[in-house]
Amino acid sequence: MSRISQYLNNLKRQGRKALIPYITSGDPDTQTTIGVMHALVAQGADIIELGFPFSDPSSDGPVIQRAVERALAGKMTLRKTLDIVRQFREKNQTTPVVLMGYLNPIEFMGYEIFCNKAIEAGVDGVLIVDMPPEESHNLHQVLKKTALDNIFLIAPTTTPERTKTICEQSSGYIYYVSLKGVTGAAHLDIDSVASKLAKLRENTELPIGVGFGIRDAASAKRIAEFADAVVVGSALVQRVGELRAGVIHSDEQLVQTCALIGEIREALDSIRQVK
């Protein structure tokens with residue numbers, strides 16, 4: 001059983017919901033990213049999604065696009081992102097880390113090399129935004145061999161047939177995209193998400209995390225009433241983006257930057273129900 005599965009199973013036994021923040025690797029710089037990761041854990045994060053920057057994002061809204069541009073300007077790469085995870089693991093051996101991004105950098109590195117280096121660094125899973133399940137066989141086999149969880153997105157427009165295919169290939173958790181649009185959009189339809197997740201559970205026993213459009217404690221709490229996890233991206237990335245590159249930030253300052261995660265953690269724990 002992977003570290004992700006163990007962690008999520010433990011939360012389920014405790015009746016707690018998982019909180020999964022997303023940040024962009026290298027925004028604003030390497031050391032700040034590592035510090036922010038530790039600050040997120042201090043504020044109650046359960047799993048960290050670490051986005052590795054790519055020059056041509058397709059599903060990211062303007063906030064994350066700007067973060068990616070800042071990271072690329074600072075020469076951040078996939079290899080350097082793996083180094084960040086490795087340094088994070090020097091102090092934290094328990095919090096699962098998922099690399100989230102686009103296929104091109106992984107394709108360029110090579111599946112075998114990437115997966116082996118990811119395992120060595122302490123990565124637990126990958127979420128490749130533009131890797132359709134119909135074309136993922138080769139990568140999926142390498143991920144399975146190296147025991148990295150393969151996490152897929154499911155959208156409101158995903159057909160029932162394709163949903164079944166995705167669920168069969170997924171491990172760790174399912175990432176349900178709560179709306180038709182890019183990250184950071186504001187038109188979150190809670191009732192529609194609840195209905196879609198009920199259908200989705202007919203195809204999988206994996207935990208389901210919901211992301212896109214979750215901006216604060218109130219929206220996170222409403223989603224968590226029927227989801228197993230909430231994913232917070234743009235609202236957090238906006239705050240991290242206010243930190244200056246090349247500056248040594250205190251632990252206190254970084255924790256304050258991540259205060260939104262603490263607020264959401266408190267909201268999620270307020271609906272705790274031990275089963």
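Note that this is a predicted model, so its numbers are computed, not measured. Index from 1, following the sequence. Quick note: numbers below take in every heavy atom, side chains included, and nothing from hydrogens, waters or symmetry partners.
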From CA spacing to verdict: salt bridge (charged side-chain N to carboxylate O under 4.0 Å, His left out), Arg16, Asp269: CA-CA 6 Å; Arg16 301 179 70 210; Asp269 286 345; 3.3 Å; yes

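- Applying the salt bridge (charged side-chain N to carboxylate O under 4.0 Å, His left out) definition to pairs two or more places apart or across chains, none involves residues 204-213.
- Not counting sequence neighbours, the partners of Lys221 by the side-chain hydrogen bond (donor to acceptor under 3.5 Å, both in side chains) test are Ser270.
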Without placing hydrogens or testing angles, list every side-chain donor-acceptor pair under 3.5 Å for residues 43-51, not counting sequence neighbours.
| from | atom 1 | to | atom 2 | distance (Å) |
| --- | --- | --- | --- | --- |
| Gln43 | NE2 | Val255 | O | 2.8 |
| Asp46 | OD1 | Tyr7 | OH | 3.4 |
| Asp46 | OD2 | Leu19 | N | 2.8 |
| Asp46 | OD2 | Arg265 | NH1 | 2.6 |
| Glu49 | OE2 | Tyr173 | OH | 2.8 |

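- For Pro21 against Leu236, the heavy-atom pair with the smallest separation is CB-CD2, 3.6 Å.
- Transitive grouping of hydrophobic side chains (ILVMFWY, heavy atoms separated by less than 4.5 Å) keeps Val240 and Val247 in distinct clusters.
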Stepwise side chain to side chain donor-acceptor pair (under 3.5 Å) test for Asn150 and Ser171: CA-CA 5 Å; Asn150 195 8; Ser171 61; over 6 Å; no

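- Between Cys115 and Leu139, some side-chain heavy-atom pair lies under the 4.5 Å cut-off.
- Residues Met109 and Ile106 have side chains not in contact (no heavy-atom distance under 4.5 Å, counting atoms from C-beta outward).
- Thr204 contributes no side-chain N or O that, together with a main-chain N or O of Arg201, makes up a donor-acceptor pair within less than 3.5 Å.
- Between Ser2 and Ser5, the side chains place a donor N or O and an acceptor N or O closer than 3.5 Å (distance only, hydrogens not considered).
- Inter-residue side-chain proximity for Ile4 and Ile151 is flagged as met; some heavy-atom pair is nearer than 4.5 Å.
- Between the CE atom in Met37 and the OG1 atom in Thr32 there is a gap of 13.0 Å [rounded to 0.5 Å].
- In terms of heavy-atom proximity, Phe152 sits nearest to Ser136 at CZ-OG, 3.9 Å.
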Asn116/Thr146 under side-chain contact (heavy atoms from CB on, under 4.5 Å): CA gap, chis, key distance, verdict: CA-CA 7 Å; Asn116 288 330; Thr146 52; 3.6 Å; yes

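- Side-chain contact between Ser178 and Ile214: absent, with no pair of heavy atoms (C-beta onward) separated by less than 4.5 Å.
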Which side-chain N or O atoms in residues 120-135 pair as donor and acceptor under 3.5 Å with protein atoms at least two apart or in another chain?
| from | atom 1 | to | atom 2 | distance (Å) |
| --- | --- | --- | --- | --- |
| Asp124 | OD1 | Arg3 | NE | 2.7 |
| Asp124 | OD1 | Arg3 | NH2 | 3.0 |
| Asp124 | OD2 | Arg3 | NE | 3.4 |
| Asp124 | OD2 | Arg89 | NH2 | 2.9 |
| Asp124 | OD2 | Val97 | N | 2.8 |
| Asp130 | OD1 | Leu103 | N | 2.8 |
| Glu134 | OE1 | Arg162 | NH2 | 3.1 |
| Glu134 | OE2 | Arg162 | NE | 2.7 |

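- Between the CG atom in Leu148 and the CD1 atom in Ile119 there is a gap of 3.5 Å [rounded to 0.5 Å].
- With hydrogens and angles disregarded, no donor-acceptor distance shorter than 3.5 Å links the side chain of Ser195 to the backbone of Asp191.
- Looking at Ser234, its side chain never comes within 3.5 Å of a backbone N or O of Val63 through a donor-acceptor pair.
- In terms of the side-chain hydrogen bond (donor to acceptor under 3.5 Å, both in side chains) criterion, Thr257 has no residue partners (sequence neighbours excluded).
- Scanning all heavy atoms of the two residues, the minimum distance from Ala18 to Leu268 falls at O-CD1, 4.0 Å.
- The structure places CD of Gln87 at 10.5 Å from NZ of Lys91, a figure rounded to the nearest 0.5 Å.
- The minimum heavy-atom distance linking Ala39 with Cys258 is given by the pair CB-SG, 3.9 Å.
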Verdict with supporting geometry, Lys80 and Asp83, salt bridge (charged side-chain N to carboxylate O under 4.0 Å, His left out): CA-CA 5 Å; Lys80 291 179 181 178; Asp83 287 338; over 6 Å; no

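- A search for side-chain hydrogen bond (donor to acceptor under 3.5 Å, both in side chains) contacts involving Glu107 returns Tyr111, not counting sequence neighbours.
- Put simply, the side chain of Thr30 never gets that close to the backbone of Gly26: no donor and acceptor are under 3.5 Å apart.
- A pairwise comparison of heavy atoms in Ser25 and Ala71 identifies O-CB, 3.2 Å as the closest pair.
- The line from CD of Glu266 to CD1 of Ile261 is 13.5 Å long, rounded to the nearest 0.5 Å.
- Sequence neighbours left out, not one pair with a member in residues 213-263 passes ring-ring contact (aromatic ring centres under 6.0 Å, His included).
- Contact check for Phe114 versus Leu99: side-chain heavy atoms found under the 4.5 Å cut-off.
- In this structure Ile154 satisfies the side-chain contact (heavy atoms from CB on, under 4.5 Å) test together with Thr158, Thr163, Ile166, Cys167, Ile174, Tyr176, Leu200, sequence neighbours excluded.
- Within the structure, no pair that satisfies the salt bridge (charged side-chain N to carboxylate O under 4.0 Å, His left out) test touches residues 243-255, not counting sequence neighbours.
- The closest side-chain heavy-atom distance from Ile84 to Leu82 is not below 4.5 Å.
- Taking OG1 from Thr81 and CE from Met76, the interatomic distance works out to 5.0 Å, rounded to the nearest 0.5 Å.
- Within the structure, ring-ring contact (aromatic ring centres under 6.0 Å, His included) contacts touching residues 62-96 (residues at least two apart or in different chains) are His38-Phe88.
- Atom CD of Gln253 has more than 12 neighbouring heavy atoms from other residues, nucleotides or ligands inside a 6.0 Å radius.
- Using a 4.5 Å heavy-atom threshold, the side chains of Tyr175 and Ile208 count as separate.
- Every side-chain hydrogen bond (donor to acceptor under 3.5 Å, both in side chains) that Lys145 has, sequence neighbours left out, goes to Glu112.
- Proximity of a side-chain donor or acceptor of Arg239 to a complementary backbone N or O of Ala235 within less than 3.5 Å is detected.
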side-chain contact (heavy atoms from CB on, under 4.5 Å) between Tyr22 and Val232, intermediate numbers included: CA-CA 6 Å; Tyr22 165 96; Val232 183; over 6 Å; no

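- When all heavy atoms of Leu8 and Pro207 are compared, the pair lying nearest together is CD1-CG, 3.8 Å.
- Without hydrogens or angle criteria, Lys17 side chain to Asp228 main chain gives no donor-acceptor distance under 3.5 Å.
- Between the CD1 atom in Ile223 and the CD1 atom in Ile264 there is a gap of 11.5 Å [rounded to 0.5 Å].
- Residue Arg70 is tested with Asp27, Asp29, Thr24 for a side-chain hydrogen bond (donor to acceptor under 3.5 Å, both in side chains); the sole match is Asp27.
- Not counting sequence neighbours, the partners of Tyr102 by the ring pair (Phe, Tyr, Trp, His ring centres under 6.0 Å) test are Phe54.
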